[in-house]
Amino acid sequence: EDTKCFLKIVYNIDGSKKMEFELPFTLEKKEFVSEALDLDESNSNIKTDTSLKRMEQIKKLNGILETKNPSAVYQTTPFLLPTNATRRTSFFADRREYKYTNGKSTTGLHYGIDFGIPEGSEVSACAEGKVVLAETRVTTGWSVVIEHLPGLYSLYYHMSQLKVKEGDIVKPGQVIGFSGSTGLATGPHLHWEMRLNMEAVNPDFFTGDFAFSGKN
Ligand SMILES: [Zn+2]
């Protein structure tokens, strides 16, 4: 059963008087995919790694993702997919159970979309933006994070090689690296994720008509 809802937006610009409007939306029923992943020794070790190095990497990424820079307005028109590959091996918000070699397991949500693509395939920026992270990480391998709008970031994981560095301004479709299976991966793929005010949101939304076109 669908539920009709309204989202009330209250805002003001530079101390001017408070404005508000309501956005209607519909809450629809959705079934999510559930999958159990049997992790090998190496992947189990990554997922259960509590080293200072990994903790520092998580802290650094969260610090970036919680940053809302008001002047970071790079693109307000629909985004592109980050790869020509169309084969998706995991979907946004899949329910996951990670099974470790020690018999224990944890559950989690899959925060992005996985594209199954051969090692060395081009990975491109989904929109104009500023590269705010470009480095290798324990869990996500060679990784890039791009800032597109205040609080809106795209993330690209498990690459074999990067073609950008922190501070670069990239254009939509610009090659930022090549796919791989670095970090926690069971084979070559691209993990593409979008974060808005820290929350993982469905990347497909941004390739649709999400633009601030002035339509109400
Ligand atoms: Zn993934």
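We count ligands from 1, going down the list as the structure has it; atoms in each ligand are counted the same way.
Distances from the Zn ion (ligand 1) to each N, O or S atom of Asp114 single out OD1 as the nearest. His191 contributes atom ND1 as its closest N/O/S atom to the Zn ion (ligand 1).
Test Phe79, Phe206, Tyr153 against His148 for ring-ring contact (aromatic ring centres under 6.0 Å, His included) and you get one pass: Phe79. Partner of Phe115 under the side-chain contact (heavy atoms from CB on, under 4.5 Å) criterion, out of Thr86, Leu81, Thr89: Leu81 alone.
Taking 2.8 Å as the criterion, His110 counts as a coordinating residue of the Zn ion (ligand 1), since one of its N, O or S atoms falls below it. For a distance bound of 2.8 Å, the N, O or S atoms of Glu193 include none lying that close to the Zn ion (ligand 1).
When only modelled atom types and interatomic distance are considered, Thr67 and Asn69 share no side-chain donor-acceptor pair under 3.5 Å.
A salt bridge links Glu35 with Arg96: the closest approach of a Lys/Arg side-chain nitrogen to an acidic carboxylate oxygen falls below 4.0 angstrom.
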